[in-house]
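Just so you know, ligand 1 is whichever comes first in the structure, and atom 1 is the first atom listed for that ligand. Treat the numbers as computed from the prediction; the structure is a model and nothing was measured.
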Amino acid sequence: MTASASRRRMPAIFFGHGSPGNVLEDNYVTRTWERLGKEIPRPKGIICISAHWLTRGVKVMANEYPRTIHDFGGFPEKMFRMRYPAAGDPKLAERVQKRLASAGAELDSSWGYDHGSWCVLLKAYPKADIPLIQVSIDHRQPPEFHYKIGQKLAAFRDEGVLVMGSGNIVHNLGEMDWRLQNGAYEWAANFGDYIRESIVKDEPQNLIDYESQGLNARLAVPSPDHYLPLLYVMGVRQPDEPVRFETPMVEYGSLDMTTVVLGG
Ligand code: ZN
């Protein structure tokens, strides 16, 4: 690797993770995750913001060897035996906590890798040989707060750290229709288009103010957990940074599988 390449800023990725069951599948989406893992420069570490770690206050995973959490039900028994044995990175965690201290961030050793992180990373980095930490989502905070945390994390990209979010732009499990395997409700398509357009035009305020989309937003984002990881990734975006979408499709009417790649 040349000196200039080693100094290159690491891409950042928002993964649309969908069903935990993807971890057992070999499909268009999972093959895309595998490809991205090979395509982007190898990260020195990963900071993941997952839809599935919601806390009061901001927590930074500080365990040396975080456990694998099987935070799902109704899936084949073998999924509950799967592990993602990536090491944590307590030193990186400490630096992230300091960087986020003004947001009240604290170190935390109670959590492990939830399925928002490991079901994606088992595909992207199956050897689990890249240190991984998670930063929790303080669910009491407004959208702007999450965007600003992302901005504070941006500098880690210059050290070769991958900042990743894991959620879904549209995520309404109650409205899912199994007959619409590759189809979208109109409100899901419209909301997804609005978000993608706002990303292309680099209008983060539109993303923060997603509730301006009224009924479309209320149906697409019935609870903010899966949407908010996108705001962290948009927060690390630099001026004029290229962006591209992978798998911009909706499954079962109400599950937008778009993955957003910044700078890759
Ligand atoms: Zn999820």
Side-chain angles (χ1 to χ4, degrees), residues 12-25 27-30 32-34 36 46-55 59 61 66-76 79-80 82-84 86 111-125 132-139 143 146 150 162-178 180-182 184-185 188 191-192 195 207 210 217-234 245-261:
I13 306 180
F14 170 78
F15 287 96
H17 69 229
S19 164
N22 275 319
V23 76
L24 293 181
E25 288 188 26
N27 59 35
Y28 175 43
V29 169
T30 62
T32 300
W33 299 345
E34 288 168 10
L36 286 171
I46 301 172
I47 301 172
C48 176
I49 296 93
S50 160
H52 296 281
W53 193 19
L54 303 174
T55 52
K59 309 293 180 191
M61 182 178 289
R67 69 189 190 282
T68 303
I69 297 180
H70 303 85
D71 49 339
F72 41 70
F75 287 95
M79 270 173 69
F80 293 85
M82 292 172 91
R83 300 281 179 274
Y84 194 69
W111 197 241
Y113 301 138
D114 59 62
H115 79 264
S117 63
W118 72 264
C119 285
V120 171
L121 290 173
L122 198 61
K123 299 290 187 182
Y125 299 110
L132 168 65
I133 68 170
Q134 290 188 212
V135 174
S136 76
I137 295 173
D138 182 351
H139 61 86
H146 306 283
L162 173 65
V163 177
M164 67 172 267
S166 183
N168 291 100
I169 289 173
V170 175
H171 184 267
N172 189 329
L173 300 184
E175 292 288 334
M176 273 170 67
D177 183 340
W178 297 106
L180 291 174
Q181 193 180 353
N182 291 304
Y185 294 115
F191 185 79
I195 295 301
L207 304 172
Y210 69 94
R218 288 200 295 282
L219 288 167
V221 188
S223 63
D225 38 73
H226 280 71
Y227 179 78
L228 292 177
L230 175 71
L231 295 186
Y232 291 78
V233 174
M234 292 300 107
F245 303 120
E246 301 275 3
T247 64
M249 61 190 208
V250 174
E251 292 181 343
Y252 307 114
S254 59
L255 204 51
D256 188 313
M257 296 302 293
T258 302
T259 281
V260 185
V261 182

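- Relative orientation of the His226 and His171 rings is parallel, given thresholds of 30° and 60° on the angle between their planes.
- Using a distance-only test at 3.5 Å, with no hydrogens or angles considered, no donor-acceptor pair links the side chain of Asp256 to the main chain of Asn168.
- Side-chain polar atoms of Gln134 and Ser117 form a donor-acceptor pair below 3.5 angstrom.
- Heavy-atom minimum distance, Gly116 versus Met164: O-CE, 4.5 Å.
- Taking the six-membered ring where the residue is Trp, Tyr232 and His146 present tilted rings, their angle falling between 30° and 60°.
- Around the Zn ion (ligand 1), protein N, O or S atoms at less than 2.8 Å comprise His17 NE2, His52 NE2, His226 NE2.
- Trp53 has its side chain out of reach of Ile69: every pair of non-hydrogen atoms, C-beta onward, lies at least 4.5 Å apart.
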